Amino acid sequence: MDAADGFGRLNDRQREAATFGARTGDGVFRAGPLLVIAGAGTGKTNTLAHRVAHLLREGVAPERLLLLTFTRRAAEEMTRRAARVAGAAHRAVRLPWAGTFHSVANRLIRRHHARLGLPESFSVLDRGDAADLMDVVRHELGFSKLEKRFPRKDTCLAIYSHRVNTQGELAATLADAFPWCAEWEAELTRLFRGYVERKLANHALDYDDLLLYWRAMMEDGALGGEIAALWDHVLVDEYQDTNSLQAEILERLKPSGEGLTVVGDDAQAIYAFRAATVENILSFERRFGARVVTLEANYRSTQGVLDVANALMRESRRQYRKELAAVRGEGPRPRLVTVADDRAQAQYVVARVLERREEGVPLRHQAVLFRSSHHSDVLELELVRRDIPYVKYGGLKFLEAAHVKDALALLRWADNPRNRIAAWRALQLVPGTGPKGAERAFTAFEASGWRWAVLKSGSREFDALMAWLADPATPWAGQMQRVREWYTPVMERRYDAADVRAGDLVQLERIAATLATREAFLTELALDPPAATSDLAADPALDEDWLVLSTVHSAKGQEWEAVYVLNVSDGSFPSEYAAGRADLLEEERRLLYVAMTRARSSLDLVAPLKYYVTAQSRMGDRHVYGARSRFLTPAVTRRLEEVVWAEGIERPAGAPAGAPVDIAARLRQMWS
DNA sequence: ACTAATGTCCTTTTT
DNA sequence: GGACATTAGT
């Protein structure tokens, strides 16, 4: 039966992981705790999908299965594949409980809102909203105008979040991750106290609250039992990137580990900054006495790529050792390309990308990866100049654009009248209303007991719009359109590039049409915003070909035929902020590993000799000489073809260069 | 009281 | 080059 339905195509290890468990005497399928260590490109998604399919075929009801993934897209992909593998009987199967920790938490909280003292229409704050709320308290406490600079709102939120997710002391968070803020411990405590109060008063939950509320529900005897009893099997993808709060939730769902499957790769743990701890996956085996299955056969990359990746990870400590072996065969050696600077780097990548396209590799099978979002700036200029379409993932988000925030603020306020942040933003859209006017209008509205009929913003049309939106009798369909119609002239008055922005609003309307309710729309958008920015000239139509630009973090789980990694030098890999901290350095190494293992056949590591410092540079010198990445040890470079590229000409490393060496600048640089 | 213009200081990665 | 505070102009 296996060969026909795909199980026959799994290798032995994959099949072992997919089918682990057995029916017991009562005919019920049971499985003990299982840890699948899945190296990059070893068919993890496929294996997990097969496991889900196996469970279904063994009689587990789809709604008795909880599948936790890192993104919603991963959940959809998994569901689709599992349904296909499971065969005819399950072709139409949907997994009602598949999603991220945060989205599942949201659903559970909505379901039990009354027992948590929340109204049905609580708001989920996205990052920006949470930071704005933090800023309100920051101002109130007078921290915004101290002689010595207090951390900014985003930093405050990051500290708060880190502490919540690590479940440790604030002092530990500060010492660990924010040493430059350590002196503000007392003030930060006051700030966070105020922030929590504000959230409660506004009926608003931030990302961390979703997890905190879930755990609180699990800690309640009756409710916790009720929730744990919902599922027989819990499967967690990307387990290496869970934090201790998430681990605690899992423990309470499946205290013995019975029915619990976790899948991940400790070598790809790259979310420590978000308080994920690789300890979770490293200690899972001991904690639960789990069966461990390791996948090492790599179906993605050629051996040349894997040799470099293996060599890189061999130098790391504390891990489940694995040697990735290519099923696809040898392939060319990855290249380490030295270029003069940013501009040369961009020119090199463009030249190579086009060359590849000539060879028949379409643009969208090629990706440029980088450590931080702005590293692609120069390249983007070059791409626009040369008229090459691209899409960028990671970095600046759709939701951070002012006009998108404006439009959403109207809906958010209508959805939850107490949402002060949304109200504040919405009211100031009225011409002639600024901070003071907004404050006045909101206070009066609050005093009236949140009655929309009493709202006096200064514009009758605005008042009418809000009352209409907030009226429970108003159907969701058409609300976004009406918002857009009211808002468009406001936008045209305030911002330039109005046509590009108008396009974003149309896209918003398109998304709105796919969701059944306003609450679903707002929550979805907060929890799973569109990943790519399309604010640049090249907005690829669907039938066109486009190059992919992505941060390494956003490239997780993906693969491309050709991959180019930018700025592979000290300062980026590893990031300058990781210097001197062993644990952070290890994460940086894993980040480079993730970047490398995205490549199927062709991998170029590009290393500029000199790069420009945009921020934080003291006056004067605007560039810095990047040292070779410390991860490129002899053991690693031995597997690389080293090349120097200048002015479109390529020569092997070590050959004499034509350009003069700027020794004077180097000498000065040492003392600047 | 609102808006526009100027000045100062910057920790990356994101559910 | 962007966020945020402060100042000047309406």
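By convention in this document, chain letters (A, B, ...) are assigned in the order of the sequence lines, proteins followed by strands, and residues within each chain are numbered from 1. From a predicted model like this one, the values you see are computed outputs, not experimental measurements.
- Because its NZ or CZ atom is both nearer than 6.0 Å to the ring centre of A:F122 and within 45° of the ring axis, A:R110 counts as a cation-pi partner of that residue.
- Going from the C1' atom of B:dT13 to that of C:dC4 covers 23 Å, rounded to whole Å.
- As rounded to whole Å, 10 Å separates atom C1' of C:dG1 from atom NE2 of A:H374.
- With salt bridges taken as basic N to acidic carboxylate O contacts below 4.0 Å, one links A:D406 and A:R425.
- Every residue was checked against the ring-ring contact (aromatic ring centres under 6.0 Å, His included) condition with A:Y213, not counting sequence neighbours, and none meets it.
- In this structure, the ring-ring contact (aromatic ring centres under 6.0 Å, His included) partners of A:W413, at least two apart in sequence or on a different chain, are A:F445, A:W452.
- Taking only side-chain atoms of A:P435, from C-beta outward, the nucleotide of B:dT11, B:dT13, B:dC2 with the closest atom is B:dC2.
- Residues forming a salt bridge (Lys or Arg N to Asp or Glu O under 4.0 Å) with A:D209 (at least two apart in sequence, or on another chain): A:K199.
- Atom P of B:dT14 sits at a distance of 16 Å from the matching atom of C:dA3, rounded to the whole Å.
- The interatomic distance linking A:R127 (CZ) with B:dT14 (P) rounds to 9 Å, in whole Å.
- An OP1 or OP2 oxygen of B:dT12 is reached within less than 4.0 angstrom by no side-chain nitrogen or oxygen of A:T551.
- Qualifying side-chain contact (heavy atoms from CB on, under 4.5 Å) partners for A:D208, counting only residues two or more places apart in sequence or in other chains: A:Y160, A:S161, A:V164, A:N165, A:D206.
- Nearest-nucleotide assignment on DNA chain B puts the 5′-proximal partner with A:Q428, out of A:Q428 and A:S372.
- Look at A:F273 and the base of B:dT13; the rings stack, centres closer than 5.5 Å and planes less than 30° apart.
- Residue pairs meeting the side chain to side chain donor-acceptor pair (under 3.5 Å) criterion with at least one partner in residues 583-592 of chain A, sequence neighbours excluded, are A:S316-A:E586, A:R371-A:E588, A:R581-A:D583, A:E586-A:R589, A:E587-A:R590.
- Rounded to an integer number of Å, the gap from A:N165 CG to B:dT14 P is 16 Å.
- Counting only residues at least two apart or in different chains, salt bridge (charged side-chain N to carboxylate O under 4.0 Å, His left out) contacts with residues 149-166 of chain A comprise A:D132-A:K153.
- Of the residues in residues 436-443 of chain A, those lying under 4.0 Å from DNA chain B by heavy-atom distance are A:K436, A:G437.
- We find that CZ of A:R598 is positioned 15 Å from C1' of B:dT13, with the value rounded to whole Å.
- For the ring-ring contact (aromatic ring centres under 6.0 Å, His included) test, no residue two or more places apart in sequence or in another chain qualifies with A:Y487.
- Within 4.0 Å (heavy atoms only), A:F178 reaches no atom of the nucleic acid at all.
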Contact list (N/O, under 3.5 angstrom) for nucleotides 3-6 of chain C vs protein:
from, atom 1, to, atom 2, distance (Å)
C:dC4, O4', A:R152, NH2, 3.3
C:dA5, OP1, A:R138, NH1, 3.4

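- The interatomic distance linking A:H162 (NE2) with B:dT15 (P) rounds to 17 Å, in whole Å.
- A:S575 comes within contact range of at least one nucleobase, with a heavy-atom separation under 4.0 Å.
- Put simply, CG on A:L212 is 14 Å from C1' on B:dT15, counting in whole angstrom units.
- OP1 or OP2 of B:dT14 sits under 4.0 Å from a side-chain N or O of A:S554.
- Aromatic pair A:F143/A:W184: centroids not less than 6.0 angstrom apart.
- Nucleotide B:dT14 holds its P atom 11 Å from the NZ atom of A:K556, rounded to whole Å.
- Backbone-only engagement by A:Y271 is indicated by non-hydrogen atom pairs under 4.0 Å involving sugar-phosphate atoms exclusively.
- Residue A:D583 contributes atom CG, which lies 19 Å from atom P of B:dT13 at whole-angstrom precision.
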